[in-house]
Amino acid sequence: MDLMMADLKALEAYVSYFYYQSKKWSKPLPEAYDAEEVADYFSHRPHVVALRLLEVFSSFASAAIRIRMAGLKKSLRPGSSKDIDENLSQYNFGMVLKETMLSLGPTFIKVGQSLSTRPDIIGPEISKALSELHDQIPPFPRPLAMKIIEEELDSPIGSFFSYISEEPVAAASFGQVYRGCTLNGSDVAVKVQRPNLRHVVVRDVYILRLGLGLLQKIAKRKSDPRLYADELGKGLVGELDYTLEAANASQFLDAHSHFSFMQVPKVFQHLTRKRALTMEWMAGESSTDLLSITKSSSIKHGSKYLERQKVDAKRRLLDLVNKGVEASLTQLLETGILHADPHPGNLRYTASGRIGFLDFGLLCRLEKKHQFAMLASIVHIVNGDWSSLLQALTEMDVVRPGTNIRRVTMDLEDALGEVELKDGIPDIKFSRVLGKIWSVALKYHFRMPPYYTLVLRSLASLEGLAVAADPSFKTFEAAYPFVVRKLLTENSAETRKILHSVVV
């Protein structure tokens, strides 16, 4: 009897153990990113992590071999300009990295897109290569997209929409967009999230966290680098909730609705859920379309109508760029709410001559003191006053404590020298100034805040578009009148101080 009771107790222990394990296996992935809960979830699914690790390792190993082979080929070539070789090498490295991230899926594409906005970290050539990730995302099948919309709205498509396009009009790393029409006749853009995306994103962030934990042990660092993975995880999982993007779009619209040259689409709240977002359709031309018309070589000689089309497309493109520059400075210096993904694909030129904005997954918000410091830094760049620029950067916590300011100033003076003025405006390309500032920032390990890189990158990409159509375009010429107007119309101690430095 004692033996039988002992066996029953052992059996009970086994049953409770397997019951506990089954509960762990059936536990869903947490809705919000929590490092401990995510680790607990994937620790019970080691095969999922192992297979993904193998895929990631093999992709990056293949990329490393390709980069190495390219380096060997370059070393066998006859000598050429060192600067050109270095830039080409960096760009080729960026292209290999871009292709690797494309093959690894949404999380890595998103990381690549984020890195493309940080030339201060990865360098301008790699940033240029990774920026192509915005345009090369393959779409997922339409039936899956329609199924997700119906699941989210808890009704058949026909209950809300009279029409949805057969093919997506745009595909991004986390979702794709269809053009549609509501039952009451409103033209809309319907954004649908990729299937099973949350699991994919959280799994990849967990793997990154494991890698950073291993790096901490090998390097014996006191600070915990896994916190970077946790911040990334919170940001990416936050982007997966389209109700937050809808709130961002509404906030951006409220802040900029009284600027007549800007257009922001309205959100259809009753047709928006976590994985489906419905917004007003933004009719307009993309900068890519305008540039292709401007650069078209198929126009026959003597066709005045087609030649006029080219001239008109160039005019619209330059107007888009000018308004893009003013919109960037308005967000930076007036409202303090910045569009966090300012690449040309998210801009439209409307029939009424306004600049339209798309994609509000992330917004960047500025403190007032940083707005004034940014205003000062633009003024000092225009005036070539590098010591004052560094003072403004110090106020923005960009320059690390203990940095030799005098040496940094000398480096900037050597890199850019005396800026020649033409009609009171620097006769120099903004991208050149920006490239030199990035190189100094890398050398002295500046801490570039997101808003600083966003605005500078936005202005540089707009200049690139304009110069392709009109080589004489200068960003400073487009930006400086707005800056001066801001200095003259805002009566505050900070602006008076900056204005005094301009006059002197």
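Note that the coordinates shown come from a computational prediction; the quantities given were computed from them, not determined experimentally.
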State, with a plain yes or no, whether a side-chain heavy atom of [X] is found less than 4.5 Å away from one of [Y].
X	Y	answer
Val190	Ile149	yes
Tyr178	Met146	yes
Thr182	Phe160	no
Arg194	Ser173	no
Phe357	Asn346	no
Leu271	Phe161	yes
Phe252	Leu338	no
Glu167	Arg179	no

So which atom in [X] and which in [Y] form the shortest heavy-atom distance, rounded to 0.1 Å?
X	Y	answer
Phe174	Tyr242	O-OH, 3.7 Å
Pro195	Leu144	CG-CD1, 3.9 Å
Lys98	Ala129	CD-O, 3.6 Å
Met279	Ala249	CE-CB, 3.5 Å
His339	Leu358	NE2-O, 2.7 Å
Pro139	Pro168	CB-CG, 3.8 Å

Do [X] side-chain atoms and [Y] backbone N/O form a donor-acceptor pair below 3.5 Å?
X	Y	answer
Glu334	Leu329	no
Glu152	Arg275	yes
Ser377	Ala392	no
Lys368	Gly336	no
Asn322	Leu318	yes
Ser155	Ser159	no
Arg142	Ser165	yes
Asp359	Gly361	yes
Gln176	Phe140	yes
Ser162	Cys181	yes

In Å, rounded to the nearest 0.5 Å, how long is the span from [atom1] of [X] to [atom2] of [Y]?
X	Y	atom1	atom2	answer
Phe261	Ser352	CZ	OG	13.0 Å
Glu490	Gln371	CD	CD	8.5 Å
Leu317	Thr294	CG	OG1	5.5 Å
Ile355	Leu320	CD1	CG	5.0 Å
Leu499	Glu494	CG	CD	13.0 Å
Gln193	Leu277	CD	CG	10.5 Å

*Check the pair Asp319 / Lys323 against salt bridge (charged side-chain N to carboxylate O under 4.0 Å, His left out), numbers first and verdict last.*
CA-CA 6 Å; Asp319 192 35; Lys323 283 171 178 166; 3.1 Å; yes

*Got a sec, which pairs hit salt bridge (charged side-chain N to carboxylate O under 4.0 Å, His left out) with one end in residues 244-272, sequence neighbours left out?*
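Checked against salt bridge (charged side-chain N to carboxylate O under 4.0 Å, His left out) - neighbours excluded - the pairs reaching residues 244-272 are Lys191-Glu245.
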
_Run Tyr444 and Asp411 through side chain to side chain contact (heavy atoms under 4.5 Å, CB included) and show every step you take._
CA-CA 10 Å; Tyr444 291 97; Asp411 275 6; 2.7 Å; yes

*Stepwise side chain to side chain contact (heavy atoms under 4.5 Å, CB included) check, Leu347 with Ser287*: CA-CA 7 Å; Leu347 302 177; Ser287 54; 5.7 Å; no

*Sequence-distant partners of Leu375, side chain to side chain contact (heavy atoms under 4.5 Å, CB included), two or more places apart*: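 Residues passing side chain to side chain contact (heavy atoms under 4.5 Å, CB included) with Leu375: Leu333, Val483, Lys486, Leu487, Thr495, Ile498.
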
_Under the criterion side chain to side chain contact (heavy atoms under 4.5 Å, CB included), I'd like the reasoning laid out for Phe268 against Glu280: C-alpha separation, chi angles, the key distance, then a yes or no._
CA-CA 7 Å; Phe268 288 71; Glu280 179 186 8; 4.2 Å; yes

*Could you point out which residue of Arg348, Arg354, Arg316 forms a salt bridge (Lys or Arg N to Asp or Glu O under 4.0 Å) with Glu285?*
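Only match with Glu285 under salt bridge (Lys or Arg N to Asp or Glu O under 4.0 Å): Arg316.
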
*asked:* With no hydrogens and no angle check, just 3.5 Å: does a side-chain donor-acceptor pair link Thr330 and His256?
replied: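 Thr330 vs His256: no donor-acceptor pair found between side chains.
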
*Polar side chain donor-acceptor pair, Asp289 to Ser286, under 3.5 angstrom*: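 Checked: Asp289/Ser286 side chains pair up, N/O donor to acceptor below 3.5 Å.
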
*Assess whether salt bridge (charged side-chain N to carboxylate O under 4.0 Å, His left out) is satisfied between Glu151 and Arg273, documenting all intermediate values.*
CA-CA 10 Å; Glu151 286 175 358; Arg273 301 288 185 276; over 6 Å; no

*With sequence neighbours excluded, tell me which residues meet side chain to side chain donor-acceptor pair (under 3.5 Å) with Ser186.*
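Applying side chain to side chain donor-acceptor pair (under 3.5 Å) to Ser186 gives Asn184.
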
*Could you walk me through whether Phe372 and Ser492 pass the side chain to side chain contact (heavy atoms under 4.5 Å, CB included) check?*
CA-CA 10 Å; Phe372 286 125; Ser492 66; 3.8 Å; yes

